[in-house]
Amino acid sequence: MQGMVLYHPGPGSGAQLRMERLPDPTPGAGEIALRVTRCAVCHTDLHIISGDLPPHKAPLVPGHQIVGIVERVGPGVTRFVPGDRVGIGWLYDACGRCDACRSRHENLCAQARFTGYDVDGGYAQFALANADFAYRIPGQFTDTDAAPLLCAGVIGYRALRLSGIEPGQRLGLFGFGASAHLVIQVARYWRCETYVFTRSKEHRELGRALGAVWAGGAEDAAPARVHAAIVFAPSGAVVVQALGHLERGGTVAINAIHLDRIPAFDYDRLYWERSLRSVSNITRADAEEFLALAGRIPVQTAATLFPLAEANTALAALRASRVTGAAVLDTEA
């Protein structure tokens with residue numbers, strides 16, 4: 001098979017992915033081997049490739065928003081058979097024994113492994129997955145539309161719930177990329193007024209098209225304070241700005257796996273029982289709930305397709321905020 005391989009994470013040209021011929025994967029006990037059809041590109045991939053996150057595996061095939069067709073199943077697998085269409089997300093597996101796992105917080109498991117980080121991911125023509133952490137995809141979604149749902153959608157849904165937003169309240173979205181453009185559709189389904197804060201003119205236009213009642217910059221004065229906010233931008237300064245737009249008693253949920261320094265700020269921004277909380281990984285329940293909800297709404301995905309061989313181009317476009325919606329790799333092109 002062909003795959004895009006990362007050898008030396010870090011800034012600069014040394015972090016570029018290289019197309020190589022790799023052995024086809026063989027599923028072990030509890031695993032499935034799938035023919036990848038699409039893999040969406042995530043900001044987490046950028047953080048792994050740029051070395052913002054400590055390396056866990058090298059060489060590595062990145063990618064954790066995978067749609068594919070089951071080719072082979074390993075011993076003990078009964079959930080899927082060859083020919084099934086499945087989705088794979090960030091959480092590859094968890095130990096199932098620790099306090100976090102037993103309390104249904106497997107996203108916090110210290111032994112958890114992650115797709116495209118601890119194990120090879122979907123920037124390739126084939127991939128392995130743990131069958132217990134694979135998902136059936138609602139039939140109305142194409143492979144291209146489904147891929148961004150598997151991380152951008154699921155982690156956005158978790159952030160939405162952890163923000164404490166209630167139906168009919170005002171929600172602020174800070175940064176408007178792949179995850180936010182899916183989250184806003186759930187928020188509208190819950191009858192929330194949504195305010196989009198982003199620097200990009202194109203992203204503001206997409207936010208308005210998806211039903212935002214207002215779109216502007218984080219430094220701008222919005223028409224009203226929001227009851228809850230989600231920060232998607234990996235910027236500590238934006239976190240502080242989000243607090244400035246928050247109602248008393250509200251929560252800012254930080255939907256980022258990597259964040260630069262949060263600058264010092266006046267306590268008045270946090271006072272009145274405002275809260276800051278991080279959002280870490282996903283659970284299988286998050287994925288199952290969101291995929292079912294996305295099918296009912298139904299969520300619409302804005303996606304730009306890139307051939308697998310142009311993964312570096314897709315990553316560069318994402319880094320420069322030149323992607324409106326989600327970037328998706330076509331592994332069959």
Side-chain angles (χ1 to χ4, degrees), residues 40 42-43 141 145 148-149 151-235 237-256 274 276-277 279 290 293-304 317-318 320-328:
C42 181
H43 267 96
F141 294 115
D145 291 337
L149 303 179
C151 180
V154 181
I155 193 66
Y157 172 68
R158 183 174 183 84
L160 191 63
R161 290 193 295 104
L162 292 181
S163 77
I165 193 70
E166 298 286 345
Q169 290 186 326
R170 295 184 297 275
L171 174 71
L173 302 177
F174 291 78
F176 201 77
S179 191
H181 99 281
L182 301 173
V183 165
I184 191 174
Q185 298 178 60
V186 179
R188 284 199 65 205
Y189 185 73
W190 289 351
R191 297 178 290 103
C192 297
E193 289 188 358
T194 307
Y195 296 71
V196 168
F197 299 83
T198 180
R199 294 176 299 179
S200 166
K201 176 183 175 182
E202 292 76 16
H203 293 176
R204 292 179 189 180
E205 290 175 353
L206 178 60
R208 294 188 191 99
L210 290 172
V213 299
W214 178 88
E219 70 284 354
D220 295 335
R225 290 183 178 270
V226 297
H227 297 99
I230 306 173
V231 174
F232 298 94
S235 166
V238 174
V239 172
V240 177
Q241 288 175 316
L243 282 170
H245 289 279
L246 193 63
E247 284 278 19
R248 298 181 181 192
T251 294
V252 173
I254 305 171
N255 186 10
R274 298 182 180 97
L276 279 175
R277 70 176 306 164
V279 182
F290 173 71
L293 177 61
R296 289 198 301 272
I297 291 175
V299 167
Q300 304 293 320
T301 305
T304 302
L318 185 63
S321 297
R322 295 198 306 269
V323 176
T324 301
V328 178

Distance-only check: which donor-acceptor pairs under 3.5 Å involve side-chain atoms of residues 154-163, not counting sequence neighbours?
from   : atom 1 : to     : atom 2 : distance (Å)
Tyr157 : OH     : Glu289 : OE1    : 3.1
Arg158 : NH1    : Asp286 : OD1    : 3.4
Arg158 : NH1    : Asp286 : OD2    : 2.8
Arg161 : NH2    : Asp286 : OD1    : 2.4
Ser163 : OG     : Leu160 : O      : 2.7
Ser163 : OG     : Ile165 : N      : 3.3

List the atom pairs, with distances to 0.1 Å, where a side-chain N or O of residues 227-234 and a protein N or O form a donor-acceptor pair under 3.5 Å, not counting sequence neighbours.
from   : atom 1 : to     : atom 2 : distance (Å)
His227 : ND1    : Arg170 : N      : 2.9

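If you take CD on Glu205 and OG on Ser200, they are separated by 8.0 Å, rounding to the nearest 0.5 Å. Separating the CD atom in Glu193 from the CD atom in Gln169 is a distance of 11.0 Å, to the nearest 0.5 Å. Rounded to the nearest 0.5 Å, atoms CG (Leu149) and OG1 (Thr301) are 4.5 Å apart. We find the CG-NE2 distance between Leu318 and His43 to be 4.0 Å, quoted to the nearest 0.5 Å. In this structure, Gln241 CD and Asp220 CG are separated by 9.5 Å, a value rounded to the nearest 0.5 Å. To the nearest 0.5 angstrom, Glu247 atom CD is 8.0 Å from Arg274 atom CZ.
For the residue pair Leu206 and Gly325, the shortest heavy atom distance occurs at CD2-N, 4.0 Å. Annotation for Gln185 and Pro298: closest pair OE1-O, 4.2 Å, computed over non-hydrogen atoms. A pairwise comparison of heavy atoms in Val196 and Ala212 identifies CG2-CB, 3.7 Å as the closest pair. Residue Ser179 comes nearest to Asn255 through the heavy atom pair OG-ND2, 3.6 Å, listed as atom of the first residue, atom of the second, then distance. Between Cys151 and Cys42, the shortest heavy-atom contact is SG-SG, 4.1 Å. For Leu173 against Ala180, the heavy-atom pair with the smallest separation is CD1-O, 4.0 Å.
Contact check for Ile254 versus Val279: no side-chain heavy atoms found under the 4.5 Å cut-off.
The stretch residues 185-209 participates, sequence neighbours left out, in these ring-ring contact (aromatic ring centres under 6.0 Å, His included) pairs: Phe174-Phe197, Phe197-Trp214, Phe197-His245.
Remark: the backbone N or O of Gly244 is paired with a side-chain donor or acceptor of Arg225 at under 3.5 angstrom. Judged by distance alone, with hydrogens and angles left aside, the side-chain atoms of His181 form a donor-acceptor pair with the main-chain N or O of Ala302 at under 3.5 Å.
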| field | Verdict with reasoning, Arg277 to Thr251, per side chain to side chain contact (heavy atoms under 4.5 Å, CB included) | value | CA-CA 7 Å; Arg277 70 176 306 164; Thr251 294; 4.0 Å; yes
